[in-house]
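Worksheet: the structure to be examined is printed underneath.
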Amino acid sequence: MKDAIYNRLCESVTQRGGGFLLLVDPDRGELAEILALTEQAESAGVDAILVGTSFLMRPDFHDTMKELKALTSLPVVLFPGGASQVSPEADAILFMSLISGRNPNYLIEEQVKGAPFVKAYDLEAIPTGYMLIESGSYTSVEFVSGSRPIPRNKSDLACAHALAAQYLGMKMVYLEAGSGANHSVPDDMIQQVSSAIEIPLIVGGGIVAPDEAAQKISAGASFVVVGTRFESPGSFEKLKEYADACHPKLVVESSTSV
Ligand code: 1GP
């Protein structure tokens with residue numbers, strides 16, 4: 001199996017001390033503005049673009065993917081809510097199973113429907129254990145997936161799920177509070193899960209400030225994902241602030257070199 005994008009992402013964490021992934025949700029916000037921001041993402045320090053949504057409503061998703069791919073040389077990685085979001089334009093796909101839920105549709109059914117397309121499009125698949133964490137609001141992913149989140153004070157349960165993902169051979173674990181969540185994944189849970197596993201940990205949902213992103217990285221997240229913050233007009237400066245916050249090694253290097 002191909003692993004160039006996975007290796008590039010891991011390398012980035014080794015060199016920069018963490019990674020910052022910008023999420024483009026094709027169904028949300030002012031798409032034209034988000035695409036314009038995508039164009040500046042590489043120079044702002046973003047490590048990769050994720051594209052996906054819980055429930056796709058745009059009929060022109062594949063055209064949007066084409067447009068987005070033409071705007072950036074960063075890896076474009078699918079973060080699909082289902083098999084209909086597998087696109088030949090992407091470089092890779094987080095091939096996820098919603099392991100915190102017990103709904104067979106999101107544990108294996110959508111994956112079986114999508115797998116032949118991943119092969120046909122020759123996409124790099126990054127097997128990822130996706131876990132929904134209670135976030136103080138009823139999120140789209142919770143509604144669409146028909147699955148209940150892990151309680152936010154039950155880090156032991158989160159660790160057991162993350163370990164199961166690792167032992168099943170998954171290459172990443174994603175702790176998801178849900179897009180636009182009231183509360184992001186607790187730092188304590190991030191600490192415990194990242195100590196328990198040996199594979200990279202992605203954390204997203206409800207992260208609304210660069211300081212908060214930095215906190216998730218210092219708690220043990222390998223990558224932070226931010227989407228909603230950039231759906232209302234974002235800026236290059238703001239994007240760079242988040243990227244810097246997620247790259248503690250780069251910040252230390254640049255402050256010691258002056
Ligand atoms: C959602 O984790 C991502 O799947 C990003 O969440 O939109 O809240 O930044 P936000």
Side-chain angles (χ1 to χ4, degrees), residues 9 18-31 33-34 37-38 41 44 46-57 61 76-82 85 90 93-101 106 110 126 128-145 147 149-150 152 158 162 172-187 189-190 193 200-217 219-235 238-239 241-243 245-246:
L9 292 174
F20 176 47
L21 310 177
L22 175 66
L23 172 65
V24 175
D25 180 330
D27 272 333
R28 306 251 306 256
E30 286 302 323
L31 199 57
E33 285 181 24
I34 298 169
L37 202 57
T38 303
V46 174
D47 292 283
I49 310 285
L50 293 189
V51 189
T53 185
S54 317
F55 187 81
L56 183 65
M57 285 181 261
F61 171 65
V76 175
V77 181
L78 295 168
F79 172 55
Q85 294 174 43
I93 177 169
L94 293 187
F95 202 80
M96 300 184 291
S97 178
L98 178 47
I99 58 169
S100 57
Y106 292 94
E110 288 298 315
I126 304 174
T128 302
Y130 184 68
M131 295 161 55
L132 188 56
I133 311 299
E134 185 194 355
S135 65
S137 54
Y138 188 34
T139 58
S140 300
V141 58
E142 186 179 346
F143 173 75
V144 172
S145 68
S147 72
I150 293 178
R152 53 192 292 107
M172 299 235 199
V173 165
Y174 194 133
L175 294 181
E176 170 72 277
S179 203
N182 281 352
H183 306 292
S184 55
V185 176
D187 295 352
M189 183 180 279
I190 296 170
V193 170
L201 179 63
I202 308 174
V203 174
I207 296 171
V208 292
D211 283 358
E212 194 178 4
Q215 232 172 284
K216 304 302 166 195
I217 296 285
S222 313
F223 300 95
V224 160
V225 180
V226 175
T228 306
R229 172 62 189 82
F230 293 100
E231 283 165 11
S232 51
S235 67
K238 193 47 80 182
L239 206 52
E241 278 176 40
Y242 275 88
C246 295

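Both ligands and their constituent atoms are indexed starting at 1 by order of listing.
Counting all heavy atoms, side chain and backbone alike, I49 lies closest to A41 at CD1-CB, 3.9 Å. Closest non-hydrogen pair, S147 versus L98, comes out as OG-CD2, 3.5 Å. Residues I207 and V203 approach most closely at CD1-O, 4.1 Å, considering heavy atoms. Residues S179 and T228 approach most closely at OG-OG1, 3.3 Å, considering heavy atoms. Considering every non-hydrogen atom in both A158 and I150, the closest pair reads CA-CD1, 4.1 Å. S135 and R152 make their closest contact through CA-NH1, 3.9 Å (heavy atoms, listed as atom of the first residue, atom of the second, distance).
Checking only distances, G180 does come within under 3.5 Å of ligand 1, N or O to N or O. Ligand 1 has an N or O atom lying under 3.5 Å from an N or O atom of G205, backbone or side chain. Considering backbone and side-chain N/O atoms, R229 never comes within less than 3.5 Å of an N/O atom of ligand 1. Here's the thing with G206: one of its N/O atoms is less than 3.5 angstrom from an N/O atom of ligand 1. On a distance-only criterion, S179 and ligand 1 share at least one N/O pair closer than 3.5 Å.
If you number the atoms of ligand 1 from 1 as listed, the ones under 4.0 Å from a heavy atom of G204 come out as 2 (O). Each of the following atoms of ligand 1 lies closer than 4.0 Å to a heavy atom of F79: 4 (O). Every atom of ligand 1 with a heavy atom of V226 under 4.0 Å away is listed here by number and element: 9 (O).
With respect to atom 3 (C) of ligand 1, the closest heavy atom belonging to the protein is Y174 OH, 3.5 Å. Of the protein's non-hydrogen atoms, G227 N, 2.8 Å is the one closest to atom 9 (O) of ligand 1.
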> Does the pair V185 and K216 meet the rule for a side-chain contact (heavy atoms from CB on, under 4.5 Å), with working shown?
Replying inline: CA-CA 8 Å; V185 176; K216 304 302 166 195; 5.6 Å; no
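Residue-level proximity to ligand 1 for T228 is carried by backbone and side chain together, each with a heavy atom below 4.0 angstrom.
Contact annotation: E176 has at least one heavy atom less than 4.0 Å from an atom of ligand 1.
In this structure, D27 contributes its side chain and M57 its backbone to a donor-acceptor pair below 3.5 Å.
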